[in-house]
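Sequential numbering from 1 along the given sequence is applied to the chain's residues. Whatever order the structure lists them in is the order used to number ligands and atoms, beginning at 1. We use all heavy atoms of the structure for the numbers below, so side chains are in, but hydrogens, waters and symmetry mates are not.
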Amino acid sequence: MSGAWTSAPTRRKNEPAVTLRSSRLTGFYRLALAERRRQVAEVSGVTLERFAAIDPGALPLAVADHMIENVIGTYALPFAIAANFVVDGEDVLVPMVVEEPSVVAAASNAARMARPAGFTSTLTTPSMIGQIQITQVADVVAGAARLQAAAGALVEAARALVPRMTDRGGGPTSLEVRTLATDPDGPDGGMLVVHLHVDVRDAMGANLVNTLCEALADRIAEIADGEVGLRILSNLTDGRTVTVRCHIADAELGGPAVRAAIAAASRFAELDPYRAATHNKGIMNGIDAVLVATGQDWRAVEAGAHAFASLSGTYRPLAVWREAEGGLAGELAMPLAVGTVGGALGAHPSARLALEVAHITTADRLAAIAGAAGLATNLAALRALATEGIQRGHMALHARKQHRP
Ligand code: MEV
């Protein structure tokens with residue numbers, strides 16, 4: 001339902017009903033900080049008091065001290081809201097934490113251009129991969145065959161270890177055997193890797209997957225007649241991807257010449273890994289800002305994104321743009337392993353507030369919004385580069401000048 005808020009995921013019993021408002025916050029950037037906060041509270045239906053979670057010092061030292069080791073303080077970054085986003089038909093205020101000027105304004109500008117249809121997403125099941133490395137396998141072919149034959153029983157054993165996850169419709173789903181080195185006398189010895197595929201529902205899943213790998217490893221090594229090696233998830237989560245699309249009309253872009261220039265910029269990234277790296281950096285500007293705001297393991301997503309970009313053997317852009325129907329069609333496809341349960345979320349008050357403000361209750365919704373933010377910052381960067389250039393006026397200036405929230 002475009003232009004309306006439809007749910008209040010974390011609303012407590014006595015809180016007022018969620019205000020149905022648009023994410024199109026006209027003149028937001030011109031408001032004083034306190035007034036912006038008041039408006040976000042009103043639009044999101046999150047009480048103003050909750051915003052203490054992003055005040056200076058909101059992360060208590062005692063909590064920080066339990067999060068990581070050797071703590072001597074906390075470190076603050078700006079917390080902002082990107083306006084104008086519609087994702088899968090629902091308006092959303094997109095929380096962003098980033099140190100780089102212009103990212104938030106650029107995302108808001110691009111999201112405005114993408115309205116009213118906004119961004120649409122398609123997600124795979126949230127399937128993570130756990131890797132169990134088996135070394136010193138005397139007969140790799142026979143070992144792999146025995147593991148294949150035992151796959152069903154191994155998956156069942158793995159499922160039995162996580163009954164609550166299987167009750168929720170997730171859990172281990174399949175097991176795959178990959179041969180990495182066949183020669184027992186070669187430099188790597190005989191080496192196999194077992195992939196355990198696990199549907200982790202709304203978790204990022206690292207802890208669950210690592211636990212399962214450790215629990216199954218001895219039995220797997222025994223079946224393969226080899227030694228247990230590493231037992232750890234893969235950050236190349238190509239079974240857990242998001243695809244985000246949008247269409248921008250010529251009138252929003254600034255005409256057919258701009259449209260053609262952006263399509264040519266996309267082709268440049270598709271033809272040249274040197275350009276693709278920078279193109280993808282512009283995508284990660286938006287994605288990482290959402291991930292940091294919402295307490296995600298952004299290094300995991302970065303690692304997965306760049307490995308995925310290289311899967312064909314050549315480093316490729318994660319998003320491409322084509323001229324279509326009097327405008328531009330953009331498509332981003334990449335792995336995005338995020339969670340709305342577990343991780344830093346239990347400890348970090350600002351991350352929990354970010355999810356509340358964006359009405360995010362599921363990992364799928366978070367991945368769709370982060371992906372939309374990435375496609376938006378990519379579009380804004382390409383438009384700036386394809387028109388007046390990033391340095392002439394600098395992107396920050398460009399974004400602010402163009403800013404019409
Ligand atoms: C700067 O943070 C990001 C850009 O370099 C992205 C791009 O070149 O597409 C502007």
Under-4.0 Å heavy-atom contact with ligand 1, by part of L385 that carries it = side chain

Counting each atom of ligand 1 from 1 as listed, which ones have a heavy atom of [X] under 4.0 Å away?
{"X": "T278", "value": "5 (O), 6 (C), 7 (C), 8 (O), 9 (O)"}
{"X": "E100", "value": "1 (C), 2 (O)"}
{"X": "G282", "value": "6 (C)"}

Just by distance, with hydrogens left out, do [X] and [Y] show a side-chain donor and acceptor under 3.5 Å apart?
{"X": "R365", "Y": "T340", "result": "no"}
{"X": "S127", "Y": "D199", "result": "no"}
{"X": "R275", "Y": "S266", "result": "no"}

Check: H279 N/O within less than 3.5 Å of ligand 1 N/O | no

Backbone or side-chain N or O of N378 under 3.5 Å from ligand 1 N or O = no

Option of least heavy-atom distance to atom 7 (C) of ligand 1 (set: R383, R275, M284, K281) = R275

Identity of the nearest option to atom 3 (C) of ligand 1, non-hydrogen atoms only, from L382, V98, N285 | N285

Indicate yes or no: does E252 engage R112 in a salt bridge with an N to O separation below 4.0 Å.
-> yes

Listing, residues 145-162 side-chain donor-acceptor contacts under 3.5 Å, not counting sequence neighbours, or none:
| from | atom 1 | to | atom 2 | distance (Å) |
| --- | --- | --- | --- | --- |
| R146 | NE | I223 | O | 2.7 |
| R146 | NH2 | I223 | O | 3.3 |
| R146 | NH2 | A224 | O | 3.4 |
| R159 | NH1 | P172 | O | 2.7 |

Could you pull out every donor-acceptor pair under 3.5 Å between side chains of residues 206-218 and any protein atom, sequence neighbours left out?
| from | atom 1 | to | atom 2 | distance (Å) |
| --- | --- | --- | --- | --- |
| N210 | OD1 | L233 | N | 2.9 |
| N210 | ND2 | A206 | O | 3.2 |
| T211 | OG1 | N207 | O | 2.7 |

